[in-house]
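Working notes for the structure below.
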4 protein chains.
Amino acid sequence: MSAKSDDKEILILEAALRIFSEKGYAQTRLSDVADEVGVAKGTLYLYFSSKEDLFRAAIIRELHLGEADVEQIANRSELLPHERLAAICENHLNYFAARRTWRIWITDRFEHDQKLSEEMQDFMQRYMQRIERIMEEEQVENVRIATLAFMGILDSFRNELMMQKQIVDMHQHIQERVNFVRSWFHRPNNI
Amino acid sequence: MSAKSDDKEILILEAALRIFSEKGYAQTRLSDVADEVGVAKGTLYLYFSSKEDLFRAAIIRELHLGEADVEQIANRSELLPHERLAAICENHLNYFAARRTWRIWITDRFEHDQKLSEEMQDFMQRYMQRIERIMEEEQVENVRIATLAFMGILDSFRNELMMQKQIVDMHQHIQERVNFVRSWFHRPNNI
Amino acid sequence: MSAKSDDKEILILEAALRIFSEKGYAQTRLSDVADEVGVAKGTLYLYFSSKEDLFRAAIIRELHLGEADVEQIANRSELLPHERLAAICENHLNYFAARRTWRIWITDRFEHDQKLSEEMQDFMQRYMQRIERIMEEEQVENVRIATLAFMGILDSFRNELMMQKQIVDMHQHIQERVNFVRSWFHRPNNI
Amino acid sequence: MSAKSDDKEILILEAALRIFSEKGYAQTRLSDVADEVGVAKGTLYLYFSSKEDLFRAAIIRELHLGEADVEQIANRSELLPHERLAAICENHLNYFAARRTWRIWITDRFEHDQKLSEEMQDFMQRYMQRIERIMEEEQVENVRIATLAFMGILDSFRNELMMQKQIVDMHQHIQERVNFVRSWFHRPNNI
DNA sequence: TATGAATGAGGCTTCATTCAT
DNA sequence: TATGAATGAAGCCTCATTCAT
């Protein structure tokens, strides 16, 4: 019973994330989500107290999933620091390459939802600290700024990926960008 | 008469951009915009045919204004190429430092508005071409990818600026990031 | 459940027809209809997609109901043809005598609604064909034109009925007009 | 000046009648009328106090114009009574044949406009009295009912004219119907 | 747990009317 | 007389949320 409920909750969260990301928050109707999962609208309210609550839960769940991936890469001590940055970049791009229908990245809700906003800031802080630790290992100067730059570069590559209508050889496309990151964040004197 | 109308149209566009940027598209009521300008709701419809049309016009106007700034900097041939990149970064950050109430950057409408989407893509293309030309002068490798990185870095710095509650010395904050860009995109062999 | 929904749909259609007919299309507020049925405005949209759709459905339903009556009379072979015309006239006048609050016959929507317009033309065609067949049996000359005349006469009698403030003896009023039709469309040589 | 003003008033009335008849009352915007005449919206208010007032004036003017035609025909004593009925029918059909873009006959306003309603009733009464007098000359029985029938027939022929997409030979079309009326209302014993 | 019919607040939009020029 | 920019009341429609079953 509990297992079954968990299943349904997860199904709802996955469908919600998918649709919110494709259509944006305001354009998403709860009936869309309910239809996608195959349940009645009212059922959503057995698991989430409001549209906002569902949105928040879906985003936070995804953040946590993504965080686990990044943590795992960050801990691969057999890789040189800049190799780990490249791996994080590769993971990031592969993630979005598999989600090219998600045309929208919904940021306006973050301002209106206190809880989500805080959760998001915490996530970003943890994420940045992980990157910063790698930057320090690589002996990069201006660690914080370089970390911001790294994150901006990843977002920019993601945007390119999502906006471009067709990418013929996705594997090569991603590798070129990963290589750029690898060499760009490689301090030569650091062997 | 014509002057007066132009004035009012511009007042509306400025108010609209301000409010859309603060509250997001869906959360903005046309009555908010009308109140801000000090006209009746119906008056908006003398200048714009719909909420969507007003939004589009406000965004496009801002893009054009921003474009003029960038073009001017890009043409300052007395500066070395990487100096021009730094100047574009500085301009970008100063622009948003003056607009810290704009908590939101509205991207979800871009997917829903064909005309705006195209206008945006054209703008981005022109913008990238300008940066790419500077990158070429600087003899950077992987011009396109480096350009994407540059733009991502600027966006990331902007986000940091907008998210952080308080920045004590804004001037220094910006200069540190500008310096980072200047040195980061400086190819030493290029004299 | 299905039964309940059907009931409500019919209640809405009946109320809508009544109010549209009393006030005209433009003067009718959907809130009037909702209030009359005793439901919320939004409920109407569970059954009909728009004001126009509701109007169309209400008219078409009434046409079909009326058509059944006429068909039944047209098939009463025990009556002489001109007796059947008289019976159709009687039915027509009784129908409107029971609906004297319907001050308005809404024709302007027919031009603006493609679907309704077609439905109406089909209905008129079937109606005319039925009358024409009776006219042929009666061996009237100029069957089509006589049919048009018959329909015009019915409408004119209906108008008189609707316009006149008071009709003392409604039964006699109707019988006089029915008798007129009976004798007017009776070809004496046709025995 | 007065002449000029009269001219403009008449131009407005003619344009108003045309557009109201083509689009219906509610669908007609005063800006449509103003554009058609080539004046500003505000100008209409120099001649008419409201949309309703303009509509009423336009209808009443047309009624009076039509009435003059009918009166003239009704007084042509050189014609036998049923010839005069036929002539009135011919006049009626020619009038609408020249106005086939007037798809709409606006009746719903009549209920909402006390003044117009009374004017209309007066007009109809005078019209009917004229027809009734001719019917009496023709020694028709049931004069009032026959008169109603006559008017219904005219309306029905008018509807046919307006609804039919194409009428190849308009002259013949009208003559057939006029002939029908002539013979139908001809009492043979009445010499 | 699950359903889905019903609700009703709230926004966008239209357009007759006004009034300063 | 003539203009047309500005007004604002009022209606259609959407959709998150509730609740009886």
Side-chain angles (χ1 to χ4, degrees), chain A residues 1-2 4-5 8-9 25-35 37-55, chain B residues 1-2 4-5 7-9 26-34 37-54, chain C residues 1-2 4-5 7-9 26-34 37-54, chain D residues 1-2 4-5 8-9 25-35 37-55:
Chain A
M1 193 154 54
S2 166
K4 215 173 178 183
S5 297
K8 189 162 285 181
E9 186 168 340
Y25 181 83
Q27 278 70 39
T28 296
R29 273 156 282 141
L30 287 193
S31 58
D32 295 337
V33 178
D35 289 352
V37 186
V39 298
K41 256 185 307 173
T43 305
L44 302 183
Y45 284 84
L46 299 177
Y47 297 90
F48 306 96
S49 65
S50 68
K51 182 182 183 182
E52 195 163 348
D53 186 40
L54 171 59
F55 177 76
Chain B
M1 191 154 49
S2 164
K4 206 172 182 182
S5 295
D7 280 358
K8 187 158 290 181
E9 184 169 339
Q27 279 70 39
T28 296
R29 317 275 149 251
L30 287 191
S31 57
D32 296 337
V33 178
V37 186
V39 297
K41 255 181 309 169
T43 304
L44 302 183
Y45 285 84
L46 298 178
Y47 297 90
F48 306 96
S49 63
S50 66
K51 182 182 184 181
E52 193 163 350
D53 187 40
L54 172 58
Chain C
M1 192 154 47
S2 165
K4 207 171 183 183
S5 295
D7 280 359
K8 189 159 288 180
E9 185 168 337
Q27 279 69 39
T28 296
R29 316 278 149 248
L30 287 192
S31 55
D32 297 338
V33 178
V37 186
V39 297
K41 257 182 306 170
T43 303
L44 302 182
Y45 286 85
L46 297 178
Y47 297 90
F48 306 97
S49 63
S50 67
K51 182 182 183 182
E52 194 162 347
D53 186 40
L54 171 59
Chain D
M1 194 155 54
S2 163
K4 215 174 180 182
S5 297
K8 188 163 288 182
E9 185 169 338
Y25 181 83
Q27 279 70 39
T28 296
R29 271 157 283 140
L30 286 192
S31 58
D32 295 337
V33 178
D35 289 352
V37 185
V39 298
K41 256 185 307 173
T43 305
L44 302 183
Y45 283 84
L46 300 176
Y47 297 90
F48 306 96
S49 64
S50 68
K51 183 182 184 182
E52 195 163 347
D53 185 41
L54 171 57
F55 178 76

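Order of the sequence lines fixes the chain letters, A, B, ..., with proteins taken first and strands second; residue numbering starts at 1 for each chain.
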To the nearest Å, how far apart are C:Tyr47 OH and F:dC12 P?
20 Å

Go nucleotide by nucleotide along DNA chain F from the 5' end; which of C:Ala26 and A:Ala26 gets its closest nucleotide reached first?
C:Ala26

Start at the 5' end of DNA chain E and walk down; is the nucleotide closest to B:Gly42 or to C:Val39 reached first?
C:Val39

Pick the nucleotide of DNA chain E nearest each of B:Glu52 and A:Ala40; which residue has the one closer to the 5' end?
A:Ala40

Euclidean distance, atom CZ of residue A:Phe48 to atom C1' of F:dT18 [Å, nearest integer]:
19 Å

On DNA chain F, compare the nucleotides closest to B:Leu44 and C:Ser49; which residue's is nearer the 5' end?
B:Leu44

Whole angstrom value for the distance that separates C1' of E:dG11 from CG of B:Leu54:
15 Å

Rounded distance (Å) that lies between atom C1' of F:dT14 and atom CD of A:Gln27
13 Å

Using a 4.0 Å heavy-atom cut-off across all strands, classify B:Leu30 as base, sugar-phosphate, or nothing.
sugar-phosphate

Considering every strand shown, what is the Watson-Crick or G-U wobble mate of E:dT21 when both distances are under 3.5 Å?
F:dA2

Side-chain heavy atoms of B:Leu30 within contact of B:Leu54, under 4.5 Å
yes

Expressed in angstrom and rounded to an integer, what is the separation of A:Asp32 atom CG from F:dT17 atom C1'?
16 Å

Indicate yes or no for a side-chain donor-acceptor contact from C:Asp53 to the backbone of C:Ser49 under 3.5 Å, with no hydrogens or angles considered.
yes

In terms of heavy-atom contacts, B:Lys51 and B:Tyr45 come closest through N-OH, 4.5 Å

What is the distance, rounded to the nearest whole Å, between atom CG of C:Leu46 and atom C1' of E:dT7?
9 Å

Length of the line joining B:Lys51:NZ and F:dC12:C1', which is rounded to integer Å:
17 Å

Judged by atom type as modelled, is there a donor-acceptor pair below 3.5 Å linking the side chain of D:Arg29 to the main-chain atoms of D:Ala26?
no

Which one, E:dT13, F:dC12, E:dT17, comes nearest to the side chain of C:Arg29?
F:dC12

To the nearest 0.5 Å, how far apart are OG1 in D:Thr43 and NZ in D:Lys8?
6.5 Å

Ignoring hydrogens and angles, are the base of E:dT3 and the side chain of A:Lys41 linked by a donor-acceptor pair under 3.5 Å?
no

Rounded to whole Å, OH of A:Tyr45 lies from C1' of E:dA5 at a distance of 15 Å

